[in-house]
2 protein chains.
Amino acid sequence: MTLKAQFDHTNCAECPIRHRAVCAHCEKDELEELESIKYYRSFEAGQTVIWSGDPMNFVGSVVSGIASLTQTMEDGRTQMVGLLLPSDFVGRPGRENAPYDVVATTDLVMCCFRKKPFEELMVTTPHIAQRLLQMTLDELDAAREWMLVLGRKTAREKIASLLSIIARRDASLHSSGTVGPIVFDLPLTREAMADYLGLTLETVSRQISALKKDKVILLESKRHVTIPDMGRLMEEAGDDSDGGFLV
Amino acid sequence: MTLKAQFDHTNCAECPIRHRAVCAHCEKDELEELESIKYYRSFEAGQTVIWSGDPMNFVGSVVSGIASLTQTMEDGRTQMVGLLLPSDFVGRPGRENAPYDVVATTDLVMCCFRKKPFEELMVTTPHIAQRLLQMTLDELDAAREWMLVLGRKTAREKIASLLSIIARRDASLHSSGTVGPIVFDLPLTREAMADYLGLTLETVSRQISALKKDKVILLESKRHVTIPDMGRLMEEAGDDSDGGFLV
DNA sequence: AGGGTACTTTGACCGAAATCAAATGGAAAC
DNA sequence: GTTTCCATTTGATTTCGGTCAAAGTACCCT
């Protein structure tokens, strides 16, 4: 696939940052500059992409798989603070060190750019910073939405919230309509869900069982979820029905 | 005070955005453009600056006082998702509507810029976007640090975390050294602290009493706090002693 | 000084989620 | 087939923080 072929506004799965952060307005030579500092990295499920505090010499985005941002306390308590799905951006232009662990939750492929030249490109190509600002504001909104979940929702509402987020992301990825039942595979273990929700894995399991008993969700297997009525799930999540979630 | 007089790298309390987002690199005519779209707004404690979902036709920053960003569920549960202290930025260039309530926690003065022209200025003045990106990344880090507090810390640790944040912000504002006891007035009611921490006001009160009994903090009055040993407080907060908190 | 109001503290009790513990299920390895 | 390993479920019990209720305190306003 040539550069030119990718340079349109259709979804560019191979290298989302080019599409999302650059394509919309950029010129060909910028694309080539990006191309020259780009490389791919693959990780197996469970591998750590980078440890909190370590120097981080790249920025990039998720091509396939799921990565999580995790904070850990000395005594081992952990809180997931971000869930990175395909096309999500990772990295802090202008920062030396990673502020939290980045862990591959599933097998993972990332598209990376060396940080120094990327930062230089940001200076000469203003709309990259503008696009990154928009993406960061989206992440900030998602983080703050999550603060409400963590601080004020019950265990049942937390589970419903997480399921509705994953369902919505999944549905938008497959560009299926918003009507009818939604079916997807949970990409997270019960423990990972607990880490995201500030719960224990036992509580996660219990609440999933409860939602299943109440027919809010259907489980073919432990990971395969069907949501017969998205509105019902969002009621359970305590969201108003329009729901502006982003992750 | 003339424009020129403000155009240096000393702290510019009157209009922090100019200093923080623009001053470092900008040219005089940009300052004048900013000046022409700038206005001030004052609020009394308790007033709402803007409601979630309402169109927001300005961006700006806090000049004096404290504002809070608050999410509310239909049944009245509320979670504070951000605490805006002097020099903090408010607003989302490129967004139409406010994503959450902004409330004046104390009497508040804001320095605002009309959004449309500010956005236009962002296009012609690239370093504004770059500076805003840095500020937004800081906010994102703070939000994620807060997610750990909300999700995994005990009530006592939550209180200690909040006190250490406020203490640190206060100390840096007064540019006092990092040694010796820290003294400050709590700018928040017990209820506001509870909203920030995902607790009830009774629990906040109890934990403050407990920290006082254990001599982690001293209270001259209900709002006047002395922290004899910052390291001790941060231990109570469950942070490692170096502590990279930002709010 | 008195009285009102808003903020804060304290107490008694309860319940949701954590903890501790054991059993079940399912897939890969032998 | 069966053994092993891991993820998950389920059960029993404990505990932390919430809820409900009542005082206590400080400040403002005539």
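Computed from heavy atoms alone, side chains included, the values below leave out hydrogens, waters and symmetry copies. Order of the sequence lines fixes the chain letters, A, B, ..., with proteins taken first and strands second; residue numbering starts at 1 for each chain.
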_From CE of M193(B) over to C1' of dC7(C), roughly how many Å is that when rounded to an integer?_
13 Å
*asked:* Check this for me: does any side-chain nitrogen of one of E236(B) and R232(B) sit under 4.0 Å from a carboxylate oxygen of the other?
replied: yes
*When we call it a touch if two heavy atoms are under 4.0 Å apart, what does S221(A) touch: a base, just sugar-phosphate, or nothing?*
nothing
*For atom CD of E191(B) and atom C1' of dT8(C), their distance in whole Å*: 12 Å
*If you check the R223(A) side chain, which of dT8(C), dA7(D), dT19(C) turns out closest?*
dA7(D)
*Under 4.0 Å between a side-chain N or O of T200(A) and OP1 or OP2 of dA18(C)?*
yes
*asked:* What contact category does I208(B) fall into here, base, sugar-phosphate, or nothing, at under 4.0 angstrom with non-hydrogen atoms?
replied: nothing
*Do the charged groups of R190(A) and D195(A) touch, with an N to O distance under 4.0 Å?*
no
_Rounded to whole Å, how long is the line connecting atom CG of D195(B) with atom P of dT8(C)?_
12 Å
*Send over the distance from L219(A) CG to dT24(C) C1', rounded to a whole Å.*
16 Å
*For G198(B), report the nucleic acid contact type (base, sugar-phosphate, nothing); a contact means any heavy atom under 4.0 Å.*
sugar-phosphate
_Students often get this wrong, so: under 4.0 angstrom with heavy atoms, is T189(A) touching a base, only sugar-phosphate, or nothing?_
sugar-phosphate
*What is the distance, rounded to the nearest whole Å, between atom CG of L201(A) and atom P of dA17(C)?*
15 Å
*asked:* Within the 4.0 Å heavy-atom criterion, would you say S209(A) contacts the bases, only the backbone, or no part of the nucleic acid?
replied: sugar-phosphate
_Heavy-atom nearest nucleotide on DNA chain C for K222(A) versus R206(A): which residue maps closer to 5'?_
R206(A)
_How many whole angstroms separate atom CG of D185(B) from atom C1' of dC7(C)?_
15 Å
*For R156(B), answer base if it contacts any base atom (sugar-phosphate contacts may also be present), sugar-phosphate if it contacts only those atoms, and nothing otherwise; contact means non-hydrogen atoms under 4.0 Å.*
nothing
*asked:* Counting only side-chain heavy atoms from C-beta out, which of dA17(C), dT9(D), dG17(D) sits nearest to Q207(B)?
replied: dG17(D)
*Tell me: CD of E202(A) to P of dT14(D), nearest whole Å?*
17 Å
*Side chains of I227(B) and F184(B): does their closest heavy-atom pair fall under 4.5 Å?*
yes
_Ion pair R144(B)/E139(B), N-O distance below 4.0 Å_ = no
_Please determine whether a side-chain nitrogen or oxygen atom of T203(A) lies at a distance below 4.0 Å from atom OP1 or OP2 of dA18(C)._
yes
*asked:* Within the 4.5 Å heavy-atom criterion, are V103(A) and L69(A) side-chain neighbours or not?
replied: no
*Roughly, in whole Å, what's the span from CD in E157(B) to C1' in dG17(D)?*
14 Å
